[in-house]
Participant: 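Please find one structure pasted underneath; my questions will follow.
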2 protein chains.
Amino acid sequence: MPRHRFTQSDVAAMAGVSQSTVSFVLNDNLPPGVRISDETRSRVLEAIRITGYAANPIAQRLAGGRNQILGVFTYETTFPRGGHDFYGAFLVGIEHAAEKLGVDMLLFTSARVVDGRRRLSRDGWQRLGAADGCLLLGQQEDRGELEHLLDTSYPFVFIGKRESEGRRLPYVGADYVAATRRQVERLADLGHTRIGYAGQQSADQPTLDRLEGYRRAMRTRGLPLRYVDVHDIAAGAEEIAERRLTAMLVAPEIDSDALADALEAHGMSVPNSISLLLLGQPNQLQHRSRRAWSGFVVPREEMGARALVLLSRIVDQESAETRAPEGRMPNPPILDEADFHQMLDCPDLDGETLAVAPTTATTPEGTIRDNA
Amino acid sequence: MPRHRFTQSDVAAMAGVSQSTVSFVLNDNLPPGVRISDETRSRVLEAIRITGYAANPIAQRLAGGRNQILGVFTYETTFPRGGHDFYGAFLVGIEHAAEKLGVDMLLFTSARVVDGRRRLSRDGWQRLGAADGCLLLGQQEDRGELEHLLDTSYPFVFIGKRESEGRRLPYVGADYVAATRRQVERLADLGHTRIGYAGQQSADQPTLDRLEGYRRAMRTRGLPLRYVDVHDIAAGAEEIAERRLTAMLVAPEIDSDALADALEAHGMSVPNSISLLLLGQPNQLQHRSRRAWSGFVVPREEMGARALVLLSRIVDQESAETRAPEGRMPNPPILDEADFHQMLDCPDLDGETLAVAPTTATTPEGTIRDNA
DNA sequence: TCAAGATGATAATGCGCATTATTAGTGGAT
DNA sequence: ATCCACTAATAATGCGCATTATCATCTTGA
């Protein structure tokens, strides 16, 4: 086993050429004015084969090249969310893609945490430089930091839809609007008309999208909106019972198991007298849910994998651009709008919490709007 | 927001000193012959404060220093094991510790996979250099590779007990022997005498340790060993019933839920007629286990965290050694045997699969050994 | 026969830092 | 005045690579 790892100079010596020649052969990107004969090239390749030379990623990066390391930065510390569960699925997808792409993953765990949020500021910027590019995820992102990344044209991809005012903020998101609409359709097709929505009305993108999907589908079907405040589970269950709702869309921040239990405690039965559809995986890690939930799932693994692939392509493109300032484009990997802003489908989940509307509730109810 | 990040030279210019002076101040490790006055030092520190300078980890590393990046190398690809579940818990602990230590984590996902095993050979060695040190985990480790790491004195820590023939192979393991013994004690204390062991007889360390624990505790209690082959769950259940065992230790590679179901299908009831104790978290990810298992758990998070802390200390020590060849040792962080080879306790799990021995089975049975 | 390309490379430079070697100044003893 | 020890720092070097500038040797056309 070699103690001292081989360098380009070692390879060069063996092939009887200069270090730069080895570098040129490896990158097979000949700047104008530099030429390598086939004979020399093959001597170099042979020396590389014999020595088992592998580039030092650190040196590559310092010299302004790429090092096949892609970063992951999470805005929230993973732990308050209950284990690794929120990011876990994303990471599985990311890791899978990383393996395929042959890149290493750098987790930026060192960033200082300021009241529960990680910040890129201070040391963060420097540390990002250790990777060719970076995936960002989390709800609590800092717009200013994202702008800065765009300004410095540091390659990155956000996991989760993020509006960027007229700028190219690359992301891979999940189509909550369409998925939520589809849930309403499922219910309506089964005869439900009194369909409520339970979830907090926060301003994060997933929530906005779920609400938008709910609103749009209900409007298309000519049904009145019915928001239920389930801040307090028991009170929420009571309200649902009083308003004689036959179906609820349940946002993932709600403890859906507790809600179902509370509803049954109020004499209702899931799904016979009330259908419940989960809008994405629950945030709470449910140790052992007794129920098989219906609704939709967020394709987290796929999001992670797709985001990494996109990031890799962006990095490729950037380096291709700097290499060929105005030269010819050898096989241009053009990334268009559809690449930069990907929305993935959320597959439906067929569990046991969805049933046809109870016949007693099919009474027309007019256009009463219980609340805004 | 700064476009060009500050370098030591920038700081030096602002403080009116040379770049090397800045470096010395930052590392506050003055080689013999170099001296910095307090006045200069504070001017430099002030300039650092103003510019918000942060070191470039890449350059640090290339120049032979440390970069506060610690690596993680897993011998198995994470996916065949069913999601992220095997490594997940370790990673949570690792990440937690990384956050506290202020280091970034580099996941070596790029290593080529040769028939299901990752290898450090070839590119791997080079890539390790990107980190100050590395955590290793997985069952399928390659002894030769570990030896090489020891030879080159690359700092690493294995997660999981690994015997090293007279060498200092640092690890953080879980004490399966003691935990398994304790399970036997629990059963014996409840009157069980016909205690079986279900699990494959492979040669990996955890399995060896579990078997050892079982053997020792049974011998201490004067009870005969009873290994049950549950390669086939149904057949295994039948054998357990025929041999009138009242308790089973179940290794994690066994699908314990399936076994319990099979036993109940044979007319036994868990735990009334048969107690089941799980020896660590099951490998299979059980989607929604109906049972609350008794047994013990492997403190994976803690193992991950402890391993990272140990690794960090080893890295510190190595760099301290190279720095002070024969100088005085400023606050020597001596690592002794107990640090290098840590065994953690596996807490007992109090579920609902453990009960007192059924009275019909308390009949003395002599010293019949059903099998070796 | 000689300048003007073309060909095939190499030397030199710098990335940002840690580290080693070297220098400049200063006061005290000879 | 001269040598020495001591203080306080700087200059120089190299890590391994990518990249830029430069050079030497051949053709080829007039």
Participant: I need the minimum non-hydrogen distance between Ile94(A) and Ile159(A), along with the two atoms involved.
Facilitator: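 Heavy atoms only, the tightest pair is CD1-CD1, 4.1 Å.
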Participant: How many Å lie between CZ on Phe24(B) and C1' on dT10(D), as a whole number?
Facilitator: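 About 9 Å, once rounded to whole Å.
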Participant: Using atom CG of Asn67(A) as one end and atom P of dA18(D) as the other, report the distance to the nearest whole Å.
Facilitator: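 Spelled out: CG on Asn67(A) to P on dA18(D) is 11 Å.
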Participant: Which part of the nucleic acid does Thr21(B) contact within heavy-atom distance under 4.0 Å: base, sugar-phosphate only, or nothing?
Facilitator: base
Participant: Side-chain N or O of Gln60(A) less than 4.0 angstrom from OP1 or OP2 on dG16(D)?
Facilitator: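 Answer no for this pair, as no side-chain N or O of Gln60(A) is under 4.0 Å from OP1 or OP2.
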Participant: Under 4.0 Å between any heavy atoms, over every strand shown, what does Ser37(B) touch: base, sugar-phosphate, or nothing? Just pick one.
Facilitator: sugar-phosphate
Participant: Whole angstroms only, please: what is the CD1-C1' distance between Ile58(B) and dC17(C)?
Facilitator: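 Result: 12 Å.
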Participant: Check this for me, if you would: do Arg61(A) and Asp132(A) make a salt bridge, where the nitrogen-to-carboxylate-oxygen distance has to be below 4.0 angstrom?
Facilitator: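 Judged by the 4.0 Å cut-off on N to carboxylate O distance, Arg61(A) and Asp132(A) do form a salt bridge.
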Participant: Nearest-Å distance, CZ (Arg35(A)) to P (dT25(D))?
Facilitator: 19 Å
Participant: How many whole angstroms separate atom CD1 of Ile48(B) from atom P of dC17(C)?
Facilitator: 10 Å
Participant: Does Asn56(B) or Gly33(B) map to a spot on DNA chain C nearer the 5' end, using the closest nucleotide for each?
Facilitator: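 Mapping each residue to its closest nucleotide by heavy atoms, the 5'-most match is Asn56(B).
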Participant: For dA9(C), does either OP1 or OP2 sit under 4.0 Å from a side-chain N or O belonging to Thr40(A)?
Facilitator: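 Yes, Thr40(A) has a side-chain N/O under 4.0 Å of OP1/OP2 on dA9(C).
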Participant: Rounded off to whole Å, could you give me the CD-to-P distance for the Gln68(B) and dC17(C) pair?
Facilitator: 14 Å
Participant: Choosing from dA9(D), dC17(C), dA18(D), which nucleotide comes nearest the side chain of Ala59(B)?
Facilitator: dC17(C)
Participant: On the nucleotide dG16(D), are OP1 or OP2 found under 4.0 Å from the side-chain N or O atoms that Gln126(B) carries?
Facilitator: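 For dG16(D), OP1/OP2 do not have a side-chain N/O of Gln126(B) under 4.0 Å.
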Participant: Would you call Glu46(A)-Arg43(A) a salt bridge at under 4.0 Å N-O?
Facilitator: no
Participant: By nearest nucleotide on DNA chain D, pick out whichever of Gly64(B) and Leu26(A) is the more 5' one.
Facilitator: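 Closer to the 5' end of DNA chain D: Gly64(B).
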Participant: From the set dC17(D), dT19(D), dC17(C), return the single nucleotide nearest to any side-chain atom of Ala63(A).
Facilitator: dC17(D)
Participant: Between the side chains of Glu76(B) and Gln140(B), does any donor sit under 3.5 Å from an acceptor?
Facilitator: no
Participant: Under 4.0 Å, counting only non-hydrogen atoms across every strand here, what does Val34(A) touch: a base, just sugar-phosphate, or nothing?
Facilitator: base
Participant: Please check the phosphate of dA11(C) (OP1 and OP2 only) for any side-chain N or O of Ser18(A) closer than 4.0 Å.
Facilitator: no
Participant: In whole angstroms, how far is the P atom of dC17(D) from the CZ atom of Arg5(A)?
Facilitator: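 Arg5(A) atom CZ is separated from dC17(D) atom P by 12 Å.
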Participant: Pick the closest DNA chain D nucleotide for Gln19(B) and for Ile36(B) by heavy atoms, then say which residue is nearer the 5' end.
Facilitator: Ile36(B)
Participant: For the side chain of Ser20(A), counting heavy atoms from C-beta on, which of dA12(C), dC17(C), dA18(D) is nearest?
Facilitator: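 It is dA12(C).
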Participant: Measure CZ/Arg61(A) against C1'/dC15(D) and give the value in whole Å, please.
Facilitator: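 Atom-to-atom, Arg61(A) to dC15(D), this comes out as 17 Å.
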Participant: Out of dG16(C), dC17(D), dA18(D), which nucleotide sits closest to the side chain of Leu62(B)?
Facilitator: dG16(C)
Participant: For Ser9(A), report the nucleic acid contact type (base, sugar-phosphate, nothing); a contact means any heavy atom under 4.0 Å.
Facilitator: nothing
Participant: Under 6.0 Å between ring centres, would you say that holds for Phe156(B) and Tyr154(B)?
Facilitator: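 No, the ring centres sit 6.0 Å or more apart.
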Participant: Do you see a donor-acceptor pair shorter than 3.5 Å between the side chains of Gln342(B) and Arg306(B)?
Facilitator: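 Yes, side-chain donor-acceptor contact under 3.5 Å.
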